[in-house]
Amino acid sequence: EAGVTQFPSHSVIEKGQTVTLRCDPISGHDNLYWYRRVMGKEIKFLLHFVKESKQDESGMPNNRFLAERTGGTYSTLKVQPAELEDSGVYFCASSHWVETGELFFGEGSRLTVL
Amino acid sequence: AQKVTQAQTEISVVEKEDVTLDCVYETRDTTYYLFWYKQPPSGELVFLIRRNSFDEQNEISGRYSWNFQKSTSSFNFTITASQVVDSAVYFCAPPPGDNQGGKLIFGQGTELSVKP
């Protein structure tokens with residue numbers, strides 16, 4: 001069974017540009033999460049999808065971030081325009097059951113904004 | 001609000017030593033889950049264990065063991081006879097409450113380095 005896959009593994013962009021990160025969850029997992037770790041700080045929750053619906057987006061930092069999950073399969077996280085403080089590692093995770101807390105994480109997408 | 005403290009930022013041991021990673025949490029909830037995740041050099045976060053606050057029995061899985069003490073709000077993780085492959089960053093994480101299992105709050109992590 002394939003795990004959670006994220007693309008790209010590393011992206012380097014200039015301030016003001018746009019970047020789109022993609023996450024393919026484990027097949028059959030309705031729950032999809034985005035987390036991120038910016039330099040020197042903790043891993044922080046961004047948002048949670050249940051199928052194609054946003055269940056909780058309380059962690060999204062501002063309106064420069066847009067997450068979508070069309071059709072309830074893969075998800076994209078777009079940052080537009082990117083700022084220096086957006087640099088970090090963006091993790092995607094999926095799970096079958098919400099209550100267990102057992103999330104399956106991808107390897108993360110490292111974003112560097114210059 | 002939930003809060004997690006992993007006071008040890010970095011730990012370095014020599015292979016075969018035992019090592020304990022500390023985790024202290026704060027919560028107002030009476031029932032909750034606690035988790036440990038491992039982040040190896042490859043980058044992904046790997047689920048290690050989930051404990052329910054009702055169950056204070058220590059758990060052992062191979063070389064890994066967990067000591068959960070509700071009275072001291074601690075959920076420590078011990079690796080016995082450490083190996084180089086155990087080198088990773090380890091995160092303790094409780095959910096924020098209200099059974100929001102997927103919305104984890106991560107501690108700062110403890111980077112464990114096991115040297116041969």
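FYI, side chains are in, hydrogens and waters are out, and symmetry mates aren't considered; it's all heavy atoms of this structure. Source: prediction; values computed, not measured.
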Identify the heavy atoms of [X] and [Y] that sit nearest to each other, and give their distance.
X      : Y      : answer
A:Y35  : B:L104 : OH-N, 2.7 Å
A:F91  : B:Q39  : CZ-NE2, 3.2 Å
B:K103 : A:S58  : NZ-OG, 2.9 Å

**Request:** Give, for atom CD1 of B:I105 and atom CD of A:E42, the distance between the pair rounded to the nearest 0.5 Å.
**Result:**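 Reported to 0.5 Å precision, the distance equals 10.5 Å.
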
**Transitive ILVMFWY side-chain link B:V89 to B:F35, under 4.5 Å** = yes

**Message:** Using the rule that Ile, Leu, Val, Met, Phe, Trp and Tyr join whenever any side-chain heavy atoms are under 4.5 Å apart, tell me whether A:V50 and A:L46 fall into a single cluster.
**Reply:**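 Cluster IDs for A:V50 and A:L46 differ.
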
Could you check whether atom [atom1] of [X] has more than 12 heavy atoms from other residues, nucleotides or ligands sitting under 6.0 Å from it?
X     : atom1 : value
A:L66 : CG    : yes
A:K15 : NZ    : no
B:Y64 : OH    : yes
A:K51 : NZ    : no

**Most contacts with chain B, counted as non-hydrogen pairs under 4.5 angstrom, among A:F45, A:F104, A:F105** =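 Option with the greatest count: A:F105.
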
**Prompt:** What part of A:R37 gets closer than 4.5 Å to chain B, counting heavy atoms only: side chain, backbone, both or neither?
**Reply:** side chain

**Request:** Please check if the side chain of B:Y37 supplies one atom and the backbone of A:L103 the other of a donor-acceptor pair under 3.5 Å.
**Result:**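 Side chain of B:Y37 to backbone of A:L103: a pair is present.
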
**Request:** For the residue pair A:K41 and B:F106, establish whether any side-chain heavy-atom pair is separated by less than 4.5 Å.
**Result:** no

